[in-house]
Amino acid sequence: MATSSLPPEKKRRLLQRVSSVETDPGDAWVAAHAPAGIRTVQDLHQWPLDVMESLTRPERDEEIELRLHSHLLQGVSLYTDYSGLDCPREALEMGFHALQLLKGYETEAAASPVWVGRTCDKGNLQKRLQVALSSSFEAGQRCHFDDILHRLPFEGRQWLAAASPQKHASKSERLEAYKCIADWVMANRNMLFSVTAESQCMVHHRRLEETFGDTAVVLAWEDGPEWHGWPHRRRRILSLAVNRSTAEWFGPATSMEARADYSNRFYRQMVSTGEILMQADQEERVQDMVALARARKNNADYTAVETLFVEQDYERLAQLVLPPGGILRLKEWQELHKMKMAEAQATQAPMRAFLCDVDHTVKGKGPVGGELWPTQLTHGSVFALKSREGESVGWKMATSKEHMTALGWRAHGPSEVFPVSKMLSVMSDLNLTPNQIKTLAGNSMHLRTQMAFMFYALGHIMLKSENPHALQRATTWQWEADQMADDFESELDLMPKDEDGDADDGSSRVQSQRSRGRGRGRQGSATAKAKSKADKLCFIPGCESKCKPHSKHCHDHHKDAEAVRYQAKQQGDEEIKKTVEEALADPYKCKLVLEDFARNNPAGRFRKKLIDWSAFQRSYGRRAEVRNRENEEEMDVTDYISYMRSKGKSVEEAMEKWKDLLADPNIERSGEGQVIKVWVPKNRTRMRDTVHYKDCAFIEGSKAAKDMKEADRQDLLDHVQRQEYSVADAWLREGVGNFELQLQGGSRKALQDVKQEPGSNKGPEIALVRPKAVEKYDKVIVACRKMTETAKKAVTEALQLAEENKEDDKLQTAYEVNCVTRLYMLEVCEASSIADVPGLRAPPSSPDSGVKELTALASSSSKSATSAPADMMNQGQQANSQQPSAAPPTDAAKDGDQAAQPAAATAAMKASPRKSEDAQSASGDSAALSQAAKVTRFLKKALQMAGTAGQHVNDLDKIMGLSQMIDTCQSLMDCSTIEELNKVTESLKAAAAGVKELKDGACKAASSLKSHVQARQRAGQKKRQADIKLQEQSEVQEKRKQAKLAAEQIKQQETVLPPILNLDWKAIADGVDDRCVRVQLMNGPAKKSIKTLDTPVCIANFTPINDFLKNPKVQLLLGGFGGTYKKQLKQVPKVQDLVSKNHGLEEVDKLWSSIVELFEPNFTSPNDQMENYLQKIIHASWMVGFDTAAHYFGFLPNGLASMRLLCSGEMLWLLFDMRQLSAAMKVILEKDDHGGIEGVTEFVKNLDEKGIAILAKQGCTVHMIQQVPGQVLFIPIGWFAVERCVKGLLVYGVRKTFIYPSQTAFSNYEILQGVHVESKKPVDKMKATAAFIVPLRRPELNRVERSVSLEANWRKQPSEHGKWDYKYGGRQNGLDSTAKALARQGLRHVSTTQKVAEFVYQHLPQGMDRPDDKNLKWFIQNYRQRTERRSRAPLPVGDV
């Protein structure tokens, strides 16, 4: 939708966003009396002087000046993260240079007071730039690390990834997430930032140790270049941390005071507009636009773009440099510019400039337009719009270097004070595109704000010097560098050395370490000498490595040179030694010698080769060969009959021959049925060659290679591959010359003395190469034809789409002209003759448009094509008439035989019909070649006349039509030398590259046309939809409100919590009634201070818990689980992971032991009387993770007691005693059963405030607590729990299950068994577990209750109970009924009942299978007497 068609309110808001140089409300820090900012180009080039003048004012800032001078003399060590363009280094270097100029300090041109020890950035582009900068200007002294997170342990990275907010998170959620991350990092800093942490260096390719400080003075405030009088918006928050242990801060104590002082010094009034930052000349601007146009596959050379730029043809320029969407956005910005200018004229406040970023929409949330340079992002096309006469708006596009200038970099204009930054030369060496430079600028910082902030900090910092031997990063980095070099050199002496006596590349690293010096102070002279030596490059041209000490070569070339000298010395010939030394003295000859040596002698670590070279064979020889070749042509039956009739055969004979061909299995064919084709041999040629050959091979089957290592085998294969495939070898050249003399066995000297004929240098190697070359380039031509067909298809589809969506639009017409022009180029390229070239297609939307010169050329070619046959006939007749007569043969006939000559000639022609056919075909080939050349010339001329509408071809002179490429490929068979063959192949390669460029340009033009038409369709559809919305807005407003209200209700229903969780439990717990009580919170409890196990309790501020959370091993455990558990929440609502041995289990068990000592009652430890599953349950500790948006209802694991340590997040707990809850449910629901686990859960979920009151009346009290990290919550056996995550991105902790004997716990557990039975869940394990929960009062009861039941004993050890098996085998029902009967008599516990039942069955009379109820009292009394005799104490019958 166009900007002019916006509603008035939106248009007003849009115009208000346009910025100006006037101070806005956010610029309150800029005082009205502040000096003016950037006014002239000189101010732009020398702005660092203004910064340093503001910081070192005479008679006011003497101390700051002294501190800065001290830093200048001693040097500054710099380490940066998120380095990008390395702005801190550039700001420091420019600032110190400005300080030297202002105060007249002595300067040293070769030294810099800033030493960069480390940079860090994970972007691929940033890594390339930083590594190149370190290698080129700093001799590889500093390191560059990849991702800053790589310094953290793996568990820490996982935790941070899991805790990071999602993309769709709101601002408040992001703030909360980053606050949690900051708290976690602070709490786990010992684990995360270990002293032994390492990072991979991208320069030296090794890992280096890092150290981090702890305490610091921290100041921070917001800053931006617009407050410094710089016409550019780029606000950043800058922070400062001063290590108290090594430095002293003499500046303001608070951030507010520091910013006030900072603003008084550096802030300026805005005077200039953003156009002052556009300092590029016309050549640079045109080059940038040419690069952008060629990146878009447009035929734009420098001259054409410059002409458009000078003529101010902005529409055609926009079509070249911008995509279709960019052109539409540019039009929207131009409309906004007109509206703003009209508003400015009405308000008598005209705008002096208008800058905008065309990569962003007018109505979007991106950078705004106005008088200031818009905020730079990682991509952008900054345009300066200007009004012109009429309605069009002109523009000027900012170059990539101007994007750097906008950030304060020195990129333009001569200046003796501040030269152009060396960063630009590094970018030039890396061949960075304009878009890549803009990406770097978008990630960078503003140099003026960076310099002002850094030097403000340095001017108020003084290093402590209490211990002169302590390492102080900012003052003694020179001492550190020399110390590191000495240590490294001492380590180097201990390293194993090679045959040459040098450690592996150690010297270059020592030189690199020592070259850090600045040439000042105690170490200055030594380091300066080391630096001058380290700057010496290798003697070999093109080698950028440093020289080895006492050698003119680098380390690798030195070894090869010494090996060559050694081999020459071993020959024992002084002439050879002299020749070798002369070759090694010349740099270029030396390079050839060493390359040849390295090619034939692969590098090894030791003189004793690991490779058995007997597996490598090189053989020389001569071979006489006779080769028969047949020229074949693919024919169908019609072609074959025509071919045979031309040879004088009849149709019947030709058909018989055709059938014979089809019956021959050796004839190659294609197709089936009527369309079958066969390859018919036509001509046979015979070649007799004498071949000199040189073979290099790896004989893998040899005995020597039988037990070869895989690495050695690969080295041999690589060596064979590296052997030079060239016919320039001396041995092979011996095969070129007089072959007859060679066959006769002539000597080498005789062969050298023979004068070769002009055409006799056809070596046998050319005969081997030509067929392969033809085969290879036949495939290339086929690929080229496929490319042209693909491009034609894409352009045709785009033009068809444009035909269906015609529009009187200049932009669409321009895209259509591009498409028809490039389609015409493809058709010309595919044509075999000028007559086959179709006419130039008219653009669908505007048939009269197009390139006039190309249209004229196309029409002239079609006219000339019609007259071409007649012209060719006339030319052929003239050629025949002008052709001279052939010279008579040496044995010419006499006068008497002249009459017989015609007859003899006719007979000769009949005798050799093949020769006449060959002659005719040769003449036809020459005519076809002429036509192909004409097509190529026409193609070149068409490309030249197409202008910017055509595809740019880098080398227009070498492009060919496909027909000429075919002829050129066939001409490879006529090449007589390798040099001639190489020339032809190079021309074919260049032609294929040209065809690919034609294809790329056509596809790009088709894509642009499609994108424009589709964008116009979408825009039209949006406009129609907008119109409909505007018309119906008044009618549907009420309906929208209703729909919105309904949607909110639905959304509220979807996200509504159960009624019990919607209550304000804090208020309920603080009330006067007893509906809810808070769980007892024990702060710093002592041992045995917790008296009961039957009520929940929360433990906080306990020293073992704090020590546990600070343990690095525990932090790794918690961080690893916290970073991974969220991935599993998609399948389950709650995640738990077993804590394993050697991964934190020892520390967790130690924590539980400390907490158990706080309880006076004892917990039951695992013992052999327990089942294996129960022992594992009590032994295990678990990591538990929760979904932050979930809530949980149910019993604790296995219904037993549990301790929960919360490590992250906050949890709301609502706990219910099952005795109270069960009794209350039966009264409230008026039924005896609970409805199973589901019934209890549903009942608790639906409790509202009224239900809680009713529950309290029935004696059930809710226990509530909101657990925070670092607290341990104990929950007794059999309690029902409600859990809800109330805070935190990651909510997780540690839990453990406990068991203990208690009457209350046993009652709860029995009720829990009944609930499980109602849910039809197995309770066998629960029954076995209940035996360890029942309270014990007597030793005999202890023995009876803790023994294993009869049924379990019988199952485990059947051999000991043979009698029992006979007595009640298969009578489980009788045993159960007996147990129930005994329970009715007073023994209600399961284990006791089974024990009595065992006694009953032992004393059954003969013949009785099951006791009846009448005899049960006797059995019980007998059992009581027997038990009392053993324990000598009465045993009550009804005891449980």
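What you see below is based on every heavy atom in this structure, not just the backbone, and it leaves out hydrogens, waters and symmetry mates. What you see is a predicted model, and the numbers here were worked out from it, not measured in a lab.
When the salt bridge (charged side-chain N to carboxylate O under 4.0 Å, His left out) test is applied to Arg67, the partners found at least two apart in sequence or on another chain are Glu63. Partners of Arg89 according to the salt bridge (charged side-chain N to carboxylate O under 4.0 Å, His left out) rule, which considers only residues two or more places apart in sequence or in another chain, are Asp86, Glu93. Looking at residues two or more places apart in sequence or on another chain, you find no side chain to side chain donor-acceptor pair (under 3.5 Å) involving Gln450. By the side chain to side chain donor-acceptor pair (under 3.5 Å) test, Ser54 pairs with Arg268, sequence neighbours left out. In this view, Arg265 and Asp61, Asp261 satisfy the side chain to side chain donor-acceptor pair (under 3.5 Å) rule, not counting sequence neighbours. Every residue meeting the side chain to side chain donor-acceptor pair (under 3.5 Å) condition with Ser421, not counting sequence neighbours, appears here in chain and number order: Glu90. With sequence neighbours excluded, no residue forms a salt bridge (charged side-chain N to carboxylate O under 4.0 Å, His left out) with Glu284. Residues passing the salt bridge (charged side-chain N to carboxylate O under 4.0 Å, His left out) test with Asp183 are Lys179, sequence neighbours excluded. Remark: His460 engages Trp249, Tyr456 in a ring pair (Phe, Tyr, Trp, His ring centres under 6.0 Å) (not counting sequence neighbours).
Counting only heavy atoms from C-beta outward, the side chains of Thr273 and Leu372 never approach each other to under 4.5 Å. In this structure, the side chains of Arg118 and His144 stay at 4.5 Å or more apart for every pair of heavy atoms. Between Trp47 and Met94, the closest side-chain pair of non-hydrogen atoms falls below 4.5 Å.
Expressed to the nearest 0.5 Å, how far CG of Leu463 lies from CD of Glu248 amounts to 10.5 Å. Distance check: Leu537 CG to Cys547 SG gives 6.5 Å after rounding to the nearest 0.5 Å. To the nearest 0.5 angstrom, Leu277 atom CG is 8.5 Å from Ile38 atom CD1. Tyr267 contributes atom OH, which lies 5.0 Å from atom NE2 of His228 (distance to the nearest 0.5 angstrom).
At least one donor-acceptor pair under 3.5 Å links the side chain of Gln130 to the backbone N or O of Gly84.
Listed by first then second residue, pairs satisfying salt bridge (charged side-chain N to carboxylate O under 4.0 Å, His left out) with a partner in residues 435-456 read Asp50-Arg448, not counting sequence neighbours. Residue pairs meeting the salt bridge (charged side-chain N to carboxylate O under 4.0 Å, His left out) criterion with at least one member in residues 238-247: none, sequence neighbours excluded. Here ring-ring contact (aromatic ring centres under 6.0 Å, His included) pairs that include residues 408-437, with residues two or more places apart or in two chains, are His97-Phe418.
Few gaps surround CZ on Phe250; more than 12 heavy atoms of other groups in view lie less than 6.0 Å from it.
Between Lys103 and Glu65 there is a salt bridge, with a side-chain nitrogen of the basic residue lying less than 4.0 Å from a carboxylate oxygen of the acidic one. The pair Asp121-Lys127 does not meet the salt-bridge criterion, since no charged nitrogen lies less than 4.0 angstrom from a carboxylate oxygen. A salt bridge is defined here as a Lys NZ or Arg NE, NH1 or NH2 lying under 4.0 Å from an Asp or Glu carboxylate O, and Glu226 with Arg234 fails to meet this definition.
Judged by distance alone, the side chains of Asn243 and Ser245 do bring a donor and an acceptor atom under 3.5 Å apart. Defined by atom type and a distance below 3.5 Å, a donor-acceptor pair is missing between the side-chain atoms of Asp223 and His446.
When every heavy atom of Trp373 is checked against every heavy atom of Gly274, the shortest pair comes out as CE3-O, 3.8 Å.
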